[in-house]
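First comes the structure, then the notes that go with it.
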Amino acid sequence: MTKLLLFSASLYRDTQYLSHAKSFIYDFLEENKCHNDEILFIPYAGVRRSNEEYEQKVSNGLNKKVISIHRFNDKIKAIEDAKAIIVGGGNSFMLLALVYKFNLLEALRAKVHSGTCYIGWSAGSNIAGKSIKTCNDMPIIMPKSLESIGAFKHHINPHFISGKFPNHNGESREERLEEFLIINPHEIVYALPEGSALKIYNDECEVLGFHNVLKISKNMHIEELALHTKYRL
């Protein structure tokens, strides 16, 4: 059984770091009987902060014992032994590049598919899906592949904002996702506005947080997924 909790972001409006997500994370860990366990944290998306700084920030934000994977010599064993895994946000290309560099992708894939709780936000949500092709990040580094964990069988677009800002002449988020679906017409994208999250158990997802989620498919068919409602994937 796959058990995923995927947030758009670590912040919502003017709240403190992870405060909008904390109750959902606590509930998720408790219902899976790992709320008292140490959490393995993967900090590799955090380009502008050190691994140690990111580890401390998440630990403080959640008031939980969090240990970063960079502290382990045998990183694959750390994944295999983990009771719960958190993957933070930042740059999805950097995150996936380091996951590939340290040969962690297959270990993560096997661990998550075996039923270990996986929690991610932003880049951490992106790599839970099929690929990072629908992320919003600059490709500051090239991973070995854009393929990611695939525990969530579709694509994620976090930080979703509809429409264009005044005087902005670039493409809107909808236009960028339309481009993706023209090239990949059989794929589905789940667009997560800020403050929203998906809780996934196998082939069923529930919308959590403060905003509905959009399910976008071929020809920009958009289905709005309501809060506190469960859907088949």
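Just the heavy atoms: all of them, side chains too, but no hydrogens, waters or symmetry mates, feed the values below.
Atoms CG and CD, on Leu181 and Glu178 in that order, are 8.0 Å from each other to the nearest 0.5 Å. Going from atom CG of Leu105 over to atom CG of Leu96 covers 7.0 Å, rounded to the nearest 0.5 Å. Asn184 contributes atom CG, which lies 6.5 Å from atom NE2 of His155 (distance to the nearest 0.5 angstrom). Once rounded to the nearest 0.5 Å, the distance linking CG of Asn212 with CG of Leu225 reads 8.0 Å. Considering CG of Leu29 and CG of Leu62, their distance stands at 8.5 Å, rounded to 0.5 Å. To the nearest 0.5 Å, the span separating CD on Glu171 from CZ on Arg176 amounts to 3.5 Å.
Here the shortest heavy-atom pairing between Tyr231 and Val207 reads CE1-CG2, 4.3 Å. Nearest approach of Ile156 to Ser125, heavy atoms of both residues: CG1-O, 3.8 Å. The minimum heavy-atom distance between Gly209 and His228, with the atom names listed, is O-CE1, 4.2 Å. Pairing each heavy atom of Leu233 with each of Phe152, the nearest pair is CD2-CE1, 3.6 Å. The minimum heavy-atom distance between Asn60 and Asn63, with the atom names listed, is O-OD1, 3.2 Å. Pairing each heavy atom of Gly124 with each of Tyr118, the nearest pair is O-OH, 2.6 Å.
At a threshold of 4.5 Å between non-hydrogen side-chain atoms, the residues Val87 and Ile119 do not count as touching. Between Lys3 and Thr116 there is no side-chain heavy-atom pair separated by less than 4.5 Å. Side-chain contact between Ile183 and Glu179 is absent, with no heavy atoms from C-beta onward closer than 4.5 Å. Contact check for Phe180 versus Glu187: side-chain heavy atoms found under the 4.5 Å cut-off. Side-chain contact between Leu104 and Ile76 is present, with at least one heavy-atom pair separated by less than 4.5 Å. For the pair Leu40/Ile69, a side-chain contact is recorded, criterion being any heavy-atom separation below 4.5 Å from C-beta on. For the pair Val189 and Lys215, the minimum side-chain heavy-atom distance is 4.5 Å or more. The closest side-chain heavy-atom distance from Tyr190 to Leu198 is below 4.5 Å.
Partners of Ser162 by side-chain hydrogen bond (donor to acceptor under 3.5 Å, both in side chains), not counting sequence neighbours, listed by chain and number: Glu174.
For Lys199 and Glu31, the salt-bridge test passes: some basic side-chain N is under 4.0 Å from an acidic carboxylate O. Residues Lys133 and Glu147 are not paired through a salt bridge, judged by the lack of any N-O separation under 4.0 Å between the basic side chain and the carboxylate. Remark: Lys65 does not engage Asp37 in a salt bridge, criterion side-chain N to carboxylate O under 4.0 Å. Ion pairing of Glu80 with Lys77 is absent here, as no side-chain N (NZ or NE/NH1/NH2) approaches a carboxylate O to less than 4.0 Å.
In terms of modelled atom types and a separation under 3.5 Å, the side chain of Asn136 and the main chain of Pro158 share a donor-acceptor contact. Ser8 places a side-chain N or O within 3.5 Å of a backbone atom of Leu192 that can act as its donor or acceptor partner. Side-chain atoms of Asn91 come within 3.5 Å of backbone N or O of Met138 as a donor-acceptor pair. For Ser59 (side chain) and Lys57 (main-chain N/O), no donor-acceptor pair under 3.5 Å exists by modelled atom type. Listed for the Asn126 side chain is no donor-acceptor partner under 3.5 Å among the backbone atoms of Ser92. Here the side chain of Lys111 pairs a donor or acceptor atom with the backbone of Ala82 at under 3.5 angstrom. With hydrogens and angles disregarded, no donor-acceptor distance shorter than 3.5 Å links the side chain of Ser68 to the backbone of Arg71. Looking only at distances, a side-chain donor or acceptor of Glu175 sits under 3.5 Å from a matching main-chain atom of Ser172. Checking side-chain atoms of Arg109 against main-chain N and O of Ser148 turns up a donor-acceptor pair under 3.5 Å.
Thr134 and Asn157 are not linked by any side-chain donor-acceptor pair at a separation below 3.5 angstrom, with hydrogens and angles left out of the test. Looking at Asn51 and Glu55, their side chains never bring a donor and an acceptor atom within 3.5 Å of each other. Judged purely by distance below 3.5 Å, without hydrogens or angles, the side chains of Glu194 and His159 pair a donor atom with an acceptor atom.
A 6.0 Å sphere centred on NZ of Lys83 holds no more than 12 heavy atoms belonging to other residues, nucleotides or ligands. Within 6.0 Å of the NZ atom in Lys153, the count of heavy atoms belonging to other residues, nucleotides or ligands exceeds 12. Around atom NE2 of His186, no more than 12 heavy atoms belonging to other residues, nucleotides or ligands sit under 6.0 Å away. Within 6.0 Å of NZ in Lys101 there are 12 or fewer heavy atoms belonging to other residues, nucleotides or ligands.
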Steps toward side chain to side chain contact (heavy atoms under 4.5 Å, CB included) verdict (Leu214, Phe160): CA-CA 9 Å; Leu214 302 182; Phe160 179 80; 3.5 Å; yes
Candidate pair Val66 and Val58, rule side chain to side chain contact (heavy atoms under 4.5 Å, CB included), full reasoning: CA-CA 7 Å; Val66 172; Val58 173; 4.3 Å; yes
Check against side chain to side chain contact (heavy atoms under 4.5 Å, CB included), Thr2 and His113: CA-CA 5 Å; Thr2 52; His113 279 289; 3.5 Å; yes
Stepwise side chain to side chain contact (heavy atoms under 4.5 Å, CB included) check, Glu224 with Val213: CA-CA 6 Å; Glu224 191 165 350; Val213 165; over 6 Å; no
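Within the structure, every pair that satisfies the ring-ring contact (aromatic ring centres under 6.0 Å, His included) test and touches residues 52-73, not counting sequence neighbours, is listed here: Phe41-Tyr54.
Geometrically, Lys75 engages Phe102 in a cation-pi contact defined by less than 6.0 Å to the ring centre and at most 45° from the axis.
One hydrophobic cluster, built from ILVMFWY side chains closer than 4.5 Å, cannot hold both Ile182 and Ile216; they sit in different ones. Phe7 and Tyr44 are members of different hydrophobic clusters when ILVMFWY side chains are connected at heavy-atom separations under 4.5 Å. Both Leu95 and Ile67 belong to a common hydrophobic cluster when Ile, Leu, Val, Met, Phe, Trp and Tyr are linked at side-chain heavy-atom distances under 4.5 angstrom. Leu5 and Ile200 are members of different hydrophobic clusters when ILVMFWY side chains are connected at heavy-atom separations under 4.5 Å. Residues Leu208 and Leu6 fall into different hydrophobic clusters, defined by Ile, Leu, Val, Met, Phe, Trp and Tyr side chains chained together at heavy-atom separations under 4.5 Å.
Relative ring orientation between Tyr201 and Phe28 is described as tilted, the plane-to-plane angle lying within the 30° to 60° band. In this structure, Tyr12 and His20 have tilted ring planes: the angle between them lies in the 30° to 60° band. Ring orientation note: the planes of Tyr17 and Trp121 are nearly perpendicular, at an angle over 60° on the 30°/60° scale.
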